Amino acid sequence: MKSFMLILVLILTLVAAGCTEQGDANEDETVSEEVTVGYVLWDGEIASTNVIEQVLEMKGYDVEIIAVDAGALYQGLSQGDFDFTTSAWLPITQENYWNQYGDQVVNVRHNLEGCQLGLAVPTYVEVDSIDELNANKEAFDSEIIGIDPGAGIMQNTENAIEVYELDYTLISSSTAGMTAELSRAIADEEPIIVTLWSPHWAFGRWDLKYLDDPEGVFGQADNVDTLARMGLEEDMPEVYGVLTRFHWSHEDIQSVMLDMESDMSPEEAAAKWIENNPEKVNEWLGE
């Protein structure tokens with residue numbers, strides 16, 4: 001009997017030790033929640049996405065950022081492929097996508113306000129309004145240099161060509177391609193028209209002006225909004241809370257963009273801004 005009791009105690013001791021070790025192992029295994037962020041390849045959106053990525057990583061999240069065009073961004077949010085984006089230009093630039101998907105996503109808040117967009121030229125160009133372009137089409141080779149074809153500003157520009165009956169071709173490119181053409185033209189003091197928006201580092205580097213838009217095709221200034229998938233607030237309340245507080249100024253975002261333009265990687269530029277702005281970052285984190 002004594003031998004039986006001794007064996008039983010030994011077994012229970014080993015089981016208890018095993019449970020304790022298993023419990024300790026479980027405590028040591030920290031599984032980060034995964035967050036997926038969609039964005040478009042505009043300099044401002046690259047800047048904001050890299051900043052919010054690193055801010056959420058400070059909270060312990062495993063963040064994946066995925067670049068897509070605007071249409072795929074809204075579709076992905078509506079289907080839950082992305083948890084959120086900080087790249088929505090509303091109510092004007094991406095109005096068509098909002099009309100299609102707006103009832104399937106959540107508009108969390110404006111993260112940047114007062115963002116103008118339109119057609120821009122160097123200040124040395126003696127044209128001040130879109131309705132003057134046809135009279136000067138030879139100077140511009142009847143071309144407007146644009147960005148990626150899925151961007152809302154490209155559709156606005158197509159509308160402008162129709163409304164103003166412009167004898168011009170809109171050239172699709174990319175943000176990098178457009179600014180390269182702008183840089184080349186300014187270096188040679190040649191006329192050029194580009195699709196452009198504020199904030200953008202180009203306004204800090206060169207003397208540029210927007211062409212007047214008397215027909216109001218490009219509308220009033222946009223805001224950049226944070227959109228989330230349905231159910232994010234319930235699934236990830238901490239992440240959603242950060243998004244409700246994420247808001248910054250043109251000066252903030254342009255400082256990141258300028259560092260990126262100066263050959264700093266987006267990750268480095270974002271980290272530099274975060275390091276230099278601890279109070280704002282702590283406000284976003286709710287600390």
Side-chain angles (χ1 to χ4, degrees), residues 40-47 89 92-93 112-149 151-224 249-264 269:
V40 293
L41 284 173
W42 295 3
D43 290 344
E45 280 47 73
I46 294 171
W89 279 61
I92 306 299
T93 306
L112 187 69
E113 298 168 340
C115 303
Q116 184 178 354
L117 71 164
L119 301 182
V121 298
T123 53
Y124 58 72
V125 172
E126 295 182 358
V127 173
D128 297 312
S129 178
I130 296 176
D131 57 12
E132 298 174 13
L133 289 180
N134 274 341
N136 296 274
K137 62 183 181 180
E138 290 81 8
F140 299 102
D141 294 328
S142 296
E143 291 183 347
I144 299 170
I145 308 302
I147 56 172
D148 55 286
I153 194 172
M154 295 291 280
Q155 296 183 11
N156 293 142
T157 303
E158 292 284 8
N159 292 340
I161 289 173
E162 181 178 347
V163 169
Y164 288 97
E165 299 181 350
L166 299 180
D167 187 16
Y168 277 73
T169 300
L170 176 60
I171 307 299
S172 297
S173 180
S174 63
T175 299
M178 177 271 292
T179 53
E181 285 295 309
L182 181 60
S183 177
R184 180 200 57 77
I186 290 175
D188 296 333
E189 293 191 4
E190 295 177 353
I192 186 171
I193 312 167
V194 298
T195 59
L196 205 54
W197 56 93
S198 302
H200 196 287
W201 58 262
F203 286 98
R205 172 163 292 188
W206 300 300
D207 292 326
L208 304 171
K209 63 183 178 181
Y210 284 111
L211 295 179
D212 292 338
D213 176 19
E215 296 295 332
V217 175
F218 289 95
Q220 302 299 313
D222 256 331
N223 300 305
V224 183
S249 68
H250 286 241
E251 291 74 18
D252 289 325
I253 192 171
Q254 285 185 162
S255 69
V256 181
M257 295 165 70
L258 283 169
D259 282 335
M260 289 165 47
E261 174 55 20
S262 300
D263 294 328
M264 189 177 288

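Quick caveat: nothing in here was measured; it's all calculated off a predicted structure.
Side chain of Asp43 to backbone of Met257: no donor-acceptor contact under 3.5 angstrom is found. Listed for the Lys209 side chain is no donor-acceptor partner under 3.5 Å among the backbone atoms of Tyr124. With hydrogens and angles disregarded, no donor-acceptor distance shorter than 3.5 Å links the side chain of Asn159 to the backbone of Val217. In this structure, the side chain of Asn156 does not engage the main chain of Phe218 through any donor-acceptor pair within 3.5 Å. Side-chain atoms of Ser262 come within 3.5 Å of backbone atoms of Leu258 as a donor-acceptor pair (strictly under, hydrogens ignored). Within the 3.5 Å criterion, the main-chain N or O of Trp89 finds no donor-acceptor partner in the side chain of Thr93. Checked by atom type and distance alone, the side chain of Asn136 pairs as donor or acceptor with a backbone atom of Glu132 at under 3.5 Å. Under a 3.5 Å cut-off, the side chain of Ser249 and the backbone N or O of Asp252 do form a donor-acceptor pair.
The shortest side-chain heavy-atom distance between His250 and Leu112 falls under the 4.5 Å cut-off. For the pair Met264 and Val256, the minimum side-chain heavy-atom distance is 4.5 Å or more. Side-chain contact check for Ile145 versus Ile192: some heavy-atom pair is nearer than 4.5 Å. Contact annotation: the side chain of Ile253 approaches that of Pro199 to within less than 4.5 Å [non-hydrogen atoms, C-beta and beyond]. No side-chain heavy atom of Gln116 sits under 4.5 Å from any side-chain heavy atom of Trp197. Inter-residue side-chain proximity for Glu143 and Leu170 is flagged as unmet; no heavy-atom pair is nearer than 4.5 Å. Asp128 has its side chain out of reach of Val121: every pair of non-hydrogen atoms, C-beta onward, lies at least 4.5 Å apart. A 4.5 Å side-chain heavy-atom check between Asn134 and Tyr164 finds every atom pair outside the cut-off.
One distance of note links CD1 of Ile186 with CD of Glu181; it measures 11.5 Å at 0.5 Å rounding. The OG1 atom of Thr179 sits 9.0 Å away from the CZ atom of Arg205 when rounded to the nearest 0.5 Å. If you take CD on Glu215 and OG on Ser129, they are separated by 9.0 Å, rounding to the nearest 0.5 Å. For the atom pair OG1 (Thr169) and CG (Asp141), the distance works out to 10.5 Å, reported to the nearest 0.5 Å. One finds the CG atom of Asp212 at 8.0 Å from the CG atom of Asp131 (value rounded to the nearest 0.5 Å). The distance from the CG atom of Asp167 to the CD1 atom of Ile161 is 10.0 Å, given to the nearest 0.5 Å.
Looking at every heavy atom in both residues, Thr195 comes nearest to Gly146 through OG1-CA, 3.4 Å. Looking at every heavy atom in both residues, Met154 comes nearest to Ser172 through CE-OG, 3.6 Å. Considering every non-hydrogen atom in both Tyr210 and Gly118, the closest pair reads CE2-N, 3.7 Å. When all heavy atoms are compared, the tightest approach of Ala202 to Leu208 is O-CD1, 3.8 Å. Of all the heavy atoms in Leu133 and Tyr168, the pair that sits closest is O-OH, 2.7 Å. Between Glu45 and Val224, the closest heavy-atom pair is OE2-CG1, 3.8 Å.
Residues forming a side chain to side chain donor-acceptor pair (under 3.5 Å) with Gln155 (at least two apart in sequence, or on another chain): Asn96.
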Check the pair Leu117, Asp222 against side chain to side chain contact (heavy atoms under 4.5 Å, CB included), reporting the backbone distance first and the verdict last.
CA-CA 8 Å; Leu117 71 164; Asp222 256 331; 3.9 Å; yes

Could you walk me through whether Ile130 and Leu119 pass side chain to side chain contact (heavy atoms under 4.5 Å, CB included), step by step?
CA-CA 8 Å; Ile130 296 176; Leu119 301 182; 4.2 Å; yes

Derivation of the side chain to side chain contact (heavy atoms under 4.5 Å, CB included) call for Ser173 and Ile147:
CA-CA 4 Å; Ser173 180; Ile147 56 172; 5.9 Å; no

Working for side chain to side chain contact (heavy atoms under 4.5 Å, CB included), residues Asp148 and Leu41:
CA-CA 9 Å; Asp148 55 286; Leu41 284 173; over 6 Å; no

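Heavy-atom neighbours of Asp207 CG from other residues, nucleotides or ligands within 6.0 Å: at or below the threshold of 12.
Between Glu190 and Arg184 there is a salt bridge, since a side-chain N of the basic residue sits under 4.0 Å from a carboxylate O of the acidic one.
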